[in-house]
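Everything quoted here is computed from the prediction, not taken from an experiment. For ligands, and for the atoms within them, numbers begin at 1 and follow the listed sequence. Just so you know, residue 1 is the first one in the sequence shown, and it goes up from there.
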Amino acid sequence: MSSSMPIQQAMFKELREKSIFEQAQSYGFDYLDQVLDRNIYPSEQGLAGLTHFDEKMPSSSSPASAVLAQLQQYGAPATVAQLGGRYFGFVNGSAVPAGLAAKQMATFWDQNTAMQVTSPIAAKLESVVESWFREIFNLPSSTVAGFVSGTSAANLCALAAARYRLLKRLDWDVNEKGLFGAPAIRLVLGDQAHSSVIKAIALLGFGKNNIEWVETDEQGRIIPSALPPLDEHTILVLQAGNVNSGAFDPFAVLCEQANKANAWVHIDGAFGLWAGAVSSLKHLTAGMEKATSWAVDGHKTLNTPYDSGLVLCTDREAMVSALHMSASYLVAGQNRDGMFFTPEMSRRARVIELWATLKYLGQEGIDQMILNMHERALQMANLLKTTEGYKVLNEVVFNQVVVCCETDEQTRLVMQKIQDLRSCWVGGSVWRGRTVIRISICSWATTAEDVAVAVESFAEAMESYGL
Ligand SMILES: *Cc1c(COP(=O)(O)O)cnc(C)c1O
């Protein structure tokens with residue numbers, strides 16, 4: 001192989017010699033060796049090291065090994081130990097080792113999942129995983145899946161499909177005519193709907209002011225009697241897993257009302273839909289299979305690596321019409337072309353690690369892993385109830401625990417202290433008008449020991465203020 005360009009020569013050499021890949025792997029292994037025991041949030045020193053990235057765009061090339069070394073030296077210490085068992089912030093999720101390893105393999109494949117012809121393996125796995133999701137959640141056989149970056153994107157796609165369908169019923173092709181002058185369609189949301197749903201509504205041009213809000217109960221569940229009359233021009237958005245309390249809307253009764261009226265029901269089930277995959281928690285999602293579309297993450301409860309979410313929809317024609325694109329050079333395959341189900345054309349093959357995670361865990365593994373999250377959440381709540389100064393505010397039905405101290409100010413101070421201690425990480429929120437600490441158990445790695453260590457940290461934080 002001869003080349004006159006020095007950079008090309010260097011790249012052929014790197015590809016053949018593989019030493020930079022060994023270097024990367026060795027750094028990765030060092031990381032894995034520490035991730036269960038290290039401080040959860042980066043140390044002050046780790047954060048200070050980030051200034052090493054403040055440099056001008058380099059004018060000349062650098063040795064690849066030096067690029068990796070910089071990431072290792074100053075990047076790794078500024079990561080959050082999300083893979084371990086004591087990161088309880090947001091609802092983030094860890095990653096199952098088999099999924100991480102599959103993602104590493106897929107890195108070498110570097111596939112584009114736009115079309116079957118760009119990656120037969122990715123197209124195959126997408127159609128297999130699509131059918132596995134139908135099975136896991138008992139969804140109608142017409143359900144199709146789009147493999148997107150997360151639930152924000154999935155909510156957007158589902159609502160775009162709903163917009164297409166509902167306007168089509170009014171003889172209005174939104175793709176051709178747009179929204180100016182379009183007949184009105186209605187949006188009905190619980191007042192605890194996730195901000196990503198509201199963002200999707202804004203992006204799609206519905207206008208936030210047009211949302212009809214429905215009252216929720218003290219856990220954040222829609223109160224069925226508060227539902228306005230629905231009709232076939234209405235999108236009803238429900239939630240499986242409130243981001244604070246983890247509560248579930250009562251799907252059976254709400255879906256029944258919606259189905260009678262021929263309304264479109266979308267369920268935002270980012271992390272909570274997975275309760276439906278666990279034999280002893282299934283009751284939480286009873287009736288959810290009667291919706292029209294769903295958004296769910298792989299990267300939260302299922303613990304696939306980031307980023308991974310799915311939009312699922314029973315109305316294939318509406319999905320494809322909303323997200324379709326065509327151009328003379330595109331070659332539609334006989335089976336599945338991923339780009340017809342997502343906003344993007346080119347996408348990485350995130351389905352590879354999703355498939356690997358499902359294949360590795362199987363139904364049994366999923367059941368055990370998610371049930372453990374629930375049991376650890378119960379343990380956390382029970383321990384905190386007997387820890388001086390803390391009060392648990394929610395019914396722990398799934399994996400979320402909402403706690404507070406005597407006053408909002410105390411809650412803020414104590415949470416800051418817990419974060420500074422770094423033996424776990426929890427974030428803040430506002431729940432029913434109160435400042436709260438939100439604890440989300442969503443890592444496969446969380447053990448009873450991790451929960452005990454975290455609760456010690458809560459106690460230490462409280463004592464440090466003498467509250
Ligand atoms: C996390 C979350 C989202 C957003 O999902 P991303 O994967 O972060 O885009 C939407 N809804 C709920 C209920 C969530 O918990």
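Residues meeting the side chain to side chain donor-acceptor pair (under 3.5 Å) test with Glu212, sequence neighbours left out: Arg186. Residues that satisfy the salt bridge (Lys or Arg N to Asp or Glu O under 4.0 Å) test with Arg412, not counting sequence neighbours, are Glu409. Shown here are the side chain to side chain donor-acceptor pair (under 3.5 Å) partners of Trp274, two or more places apart in sequence or in another chain: there are none.
Closest approach of Ala154 to Val311, counting heavy atoms only: O-CG2, 3.6 Å.
A heavy-atom cutoff of 4.0 Å around ligand 1 is satisfied by the protein residues Gly150, Thr151, Ser152, His194, Ser196, Gly241, Val243, Asp268, Ala270, Phe271, Asp297, His299, Lys300.
No cation-pi contact links Arg316 to Phe341, judged by a cut-off of 6.0 Å to the six-membered ring centre and 45° from its axis.
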Apply side-chain hydrogen bond (donor to acceptor under 3.5 Å, both in side chains) to the pair Asn92 and Ser440, showing each step before the final yes or no.
-> CA-CA 8 Å; Asn92 271 9; Ser440 181; over 6 Å; no
